[in-house]
Amino acid sequence: MEKEKQLQPFQFVQISQEVHHVISAYKSVNDSKVIGVLQLDLIKLLDEMGIKTEAVVEKLLEIILAKDCTHERADKALQGLKSLVQPFPEMDEKQIDKLFKKQKKVQYPSNWETDRYQQTYWGWDDYGNQKKYLIMPQNQRYIGLYGDMDPKPLNGLCAICHELSTVSMFSVKLKARGASGNYTKRGNLICRNSAECNARINDPQYLNRFVDYMTNH
């Protein structure tokens, strides 16, 4: 019987960020007390997630808590943690079509290989038409958002990962409330690179707000 998955992708990202924060401190901080606090913060985080006593986590800590640990060694150790992560679901063309029923011809992803263990949503571009497809979680299911992606790159705050990055305006058309046949446009700045955006999502609250804003009439 397969072990129940205990972590969501954003939690894996959060742990990875904390791990690398500790590793960076080994090289930049001379105060052993400060390093000790950072190590305890990491252990506390794993405990709060209910995974501290898992064998893969104990092995991870054994490697990470050694002060000669490198970022490369940490990344390798973090791979074992993926056995506890519920990955973003695999989807085929039929499943994608169901999420984008209003599109006559869906442009499928050029790259189907993604790191689903640190993927909270799925986004890809239709560069020829300056469009973007987003598959987003909402209320225990997945929905499709299809809209315009401004080709102009900007430096700004992404509405999904809430980090400064290279962003562009993504906008969708919504049917106006109480108006027959009228549409209104909703837009927000999001990362141009969805894979990099996913790798920064350590809290889904901003993604949830973005989805609500882009879908509520």
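V56 and I51 fall within a single hydrophobic cluster, where Ile, Leu, Val, Met, Phe, Trp and Tyr side chains are chained together by heavy-atom contacts under 4.5 Å. Residues L65 and L81 share a single hydrophobic cluster, defined by chaining ILVMFWY side chains whose heavy atoms lie under 4.5 Å apart. Clustering ILVMFWY residues whenever any of their side-chain heavy atoms sit less than 4.5 angstrom apart, transitively, puts L189 in a cluster other than the one holding L145. Linking ILVMFWY residues whenever their side-chain heavy atoms come closer than 4.5 Å, directly or via other members, places L207 and I143 in the same cluster. No single ILVMFWY cluster, assembled from side-chain heavy atoms under 4.5 Å apart, contains both V85 and V13.
Not a single donor-acceptor pair under 3.5 Å links the side chain of E48 to the backbone N or O of L45. A donor-acceptor contact shorter than 3.5 Å is absent between the side chain of R192 and the backbone of S168. Checking side-chain atoms of R209 against main-chain N and O of I160 turns up no donor-acceptor pair under 3.5 Å. Side-chain N or O atoms of D47 include none that pairs as donor or acceptor with a backbone N or O of I43 at under 3.5 Å. Proximity of a side-chain donor or acceptor of D125 to a complementary backbone N or O of Y127 within less than 3.5 Å is not detected.
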Working for side-chain contact (heavy atoms from CB on, under 4.5 Å), residues C197 and S165: CA-CA 9 Å; C197 183; S165 66; over 6 Å; no
Step-by-step side chain to side chain donor-acceptor pair (under 3.5 Å) determination, N202 to Q17: CA-CA 8 Å; N202 58 20; Q17 290 174 345; 2.6 Å; yes
Y26 and Q39: CA distance, side-chain angles, deciding distance, side chain to side chain donor-acceptor pair (under 3.5 Å) verdict: CA-CA 10 Å; Y26 292 155; Q39 290 175 329; 2.8 Å; yes
Chi angles and distances behind the side chain to side chain donor-acceptor pair (under 3.5 Å) call for S194, K132: CA-CA 10 Å; S194 296; K132 194 174 187 76; 3.2 Å; yes
Check against side-chain contact (heavy atoms from CB on, under 4.5 Å), V22 and D41: CA-CA 9 Å; V22 171; D41 285 344; over 6 Å; no
Trace of the side-chain contact (heavy atoms from CB on, under 4.5 Å) decision for Q86 with Q8: CA-CA 6 Å; Q86 179 64 55; Q8 294 298 313; 4.1 Å; yes
Step-by-step side-chain contact (heavy atoms from CB on, under 4.5 Å) determination, I190 to L134: CA-CA 11 Å; I190 65 171; L134 299 173; 4.2 Å; yes
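For R116, there are no side-chain hydrogen bond (donor to acceptor under 3.5 Å, both in side chains) partners two or more places apart in sequence or in a different chain.
Side-chain contact between D203 and Q14 is absent, with no heavy atoms from C-beta onward closer than 4.5 Å. Counting heavy atoms from C-beta outward, N193 and T166 have side chains that stay 4.5 Å or more apart. Contact of the Y121 side chain with the V211 side chain is not registered, since no non-hydrogen atoms from C-beta on lie closer than 4.5 Å. Side chains of V37 and V34 form no contact here, defined as non-hydrogen atoms less than 4.5 Å apart. Taking the side chain as every heavy atom from C-beta outward, M49 and Q6 never approach each other to under 4.5 Å. Within the 4.5 Å cutoff, the side chain of H71 has heavy atoms near those of the H20 side chain. In this structure the side chain of K52 never reaches within 4.5 angstrom of the side chain of E58, judged on heavy atoms. Inter-residue side-chain proximity for L157 and V167 is flagged as unmet; no heavy-atom pair is nearer than 4.5 Å.
For Q205, the CD atom counts as densely surrounded, since its 6.0 Å shell holds more than 12 non-hydrogen atoms of other residues, nucleotides or ligands. Around CG of D92, the count of heavy atoms belonging to other residues, nucleotides or ligands within 6.0 Å exceeds 12. Around CD of E62, the count of heavy atoms belonging to other residues, nucleotides or ligands within 6.0 Å does not exceed 12. In H21, the NE2 atom is not crowded: 12 or fewer heavy atoms of neighbouring residues, nucleotides or ligands sit closer than 6.0 Å.
Think of I96 as one node in a network of Ile, Leu, Val, Met, Phe, Trp and Tyr side chains linked at under 4.5 Å; its network also takes in F88, M91, L99, F100, V106, Y108, W112, W122, W124, Y133, I135, Y142, Y146.
The two atoms that bring C69 and A74 nearest to each other are SG-N, 4.1 Å, heavy atoms only. The two residues N216 and R186 come nearest to each other via the heavy atoms O-NH1, 2.7 Å. Contact record, C158 with C161: SG-N, 3.4 Å, taken as the closest heavy-atom pair. Between Q119 and T114, the shortest heavy-atom distance links the atoms OE1-OG1, 2.6 Å.
A salt bridge links D148 to K185: at least one charged side-chain nitrogen sits closer than 4.0 Å to a carboxylate oxygen. A salt bridge is defined here as a Lys NZ or Arg NE, NH1 or NH2 lying under 4.0 Å from an Asp or Glu carboxylate O, and K82 with D115 meets this definition.
Interatomic distance, CG of L84 versus CG of L46, reported as 10.0 Å (0.5 Å rounding). Atom CG of N129 is separated from atom CE of M149 by 14.5 Å, given to the nearest 0.5 angstrom. For the atom pair T120 OG1 and R200 CZ, the distance stands at 12.5 Å (nearest 0.5 Å). For the atom pair CG of L60 and CD1 of I64, the computed distance is 5.0 Å after rounding to the nearest 0.5 Å. The distance from atom CG of L61 to atom CG of L42, rounded to the nearest 0.5 Å, is 6.0 Å. Separation of atoms CD1 (I23) and CD1 (I63) is listed at 10.0 Å; rounding is to 0.5 Å.
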